[in-house]
Amino acid sequence: MSSATDVRGPAEAPGYHARRTLPLRVEAMRQLRRRRTLLMGGVLAALPFILIIAFAIGGTPGGAEGGGGGSRINLMDVATESAANFAATCLFVSAGFLLVVPVALFCGDTVASEAGWSSLRYLLAAPVPRARLLWSKLVVALGFSLAAMVLLPVVALAAGTAAYGWGPLKLPTGGALATGDTVPRLALVVAFIFVSQLVTAGLAFWLSTRTDAPLGAVGGAVGLTIVGNVLDAVTALGSWREFLPAHWQFAWADALQPELEWGGMVKGAAVSVTYALILFAFAFRGFSRKDIVS
């Protein structure tokens, strides 16, 4: 038996247009004012300053010894060489887990929070079509996820410039990128990290349409992402690991090479987008048939 929230909207009502319901700017302002959004932004903005303090207290990052040619250069060893190196280091230390959290939070707290507040059925009875509600929430959630990933390197560049000065990006494999190439390369890194996290976004969003508990959706997405990382560490799986999104999460290191390498990033993006599209499709299909009682 259909619930009252299955009303599709009075198409004959004067001035009613389904596409005008729940505008993106309204949803964005609602999410921006939420405490968890401000808290997540504060944590990401604080990380560069925490690392600067840690480097100041601990001395040379990585403890690399001078001389002795042939020693391998890594991001931590050159973190304080320039603002660009510092920003790259911030992305390196946070990409594996910290940047997963805002994606899971923003995408997993979308529909589930409305259900938890018992406001979902009233939104649908407004009426906001189900597909329109999901699209608005998904677009805003992905927008905030991208903003979180942009915020970290932007703050890191500003703080790193003040602490270490502006200069070329010293590469992990030796040499350096020209100063003019650093920002485009870092932008490419951020773009790939965002694409690679679409799997987590898809998991969180799908779970958000299946439960009334936001923490369940967020925690489930983070937990499954961790499981993927664990499976990728099982070398016995061999080439099967290439079908795991986690296998490609650090393929962005190819962007920090004298000659830009696209192979790993293209494969990783293809795997991530494929999984994400399937999960988003599950979310829309399941929610369109779900009886809303909360």
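Listed by first and then second residue, the side chain to side chain donor-acceptor pair (under 3.5 Å) pairs that reach into residues 260-272 come to none, sequence neighbours excluded. Within the structure, side chain to side chain donor-acceptor pair (under 3.5 Å) contacts touching residues 179-205 (residues at least two apart or in different chains) are Gln197-Thr200, Thr200-Thr225.
Applying the ring pair (Phe, Tyr, Trp, His ring centres under 6.0 Å) criterion to Phe284, with sequence neighbours excluded, gives Trp135. For Asp232, the side chain to side chain donor-acceptor pair (under 3.5 Å) partners two or more places apart in sequence, or in a different chain, are His247. Partners of Phe280 according to the ring pair (Phe, Tyr, Trp, His ring centres under 6.0 Å) rule, which considers only residues two or more places apart in sequence or in another chain, do not exist here.
Checked by atom type and distance alone, the side chain of Thr209 never pairs as donor or acceptor with a backbone atom of Phe287 at under 3.5 Å. Remark: side-chain polar atoms of Thr211 are not paired, donor with acceptor, to backbone N or O of Leu207 under 3.5 angstrom. A donor-acceptor pair under 3.5 Å is formed between the side chain of Ser113 and the backbone N or O of Thr110.
Under a hydrophobic clustering in which Ile, Leu, Val, Met, Phe, Trp and Tyr are joined whenever their side-chain heavy atoms come within less than 4.5 Å, directly or via other members, Val101 and Leu215 fall into different clusters. In the hydrophobic cluster analysis, where Ile, Leu, Val, Met, Phe, Trp and Tyr join through side-chain heavy atoms closer than 4.5 angstrom, Met29 is grouped apart from Leu38. Taken together through direct or relayed side-chain contacts under 4.5 Å among Ile, Leu, Val, Met, Phe, Trp and Tyr, Phe86 and Ile50 form parts of separate hydrophobic clusters.
Atom CZ of Arg241 has more than 12 heavy atoms from other residues, nucleotides or ligands within 6.0 Å.
No hydrogens or angles considered: a donor-acceptor pair under 3.5 Å links the side chains of Gln249 and Asn229.
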Without placing hydrogens or testing angles, list every side-chain donor-acceptor pair under 3.5 Å for residues 140-167, not counting sequence neighbours.
from: Ser145; atom 1: OG; to: Ala141; atom 2: O; distance (Å): 2.8
from: Thr161; atom 1: OG1; to: Leu157; atom 2: O; distance (Å): 2.6

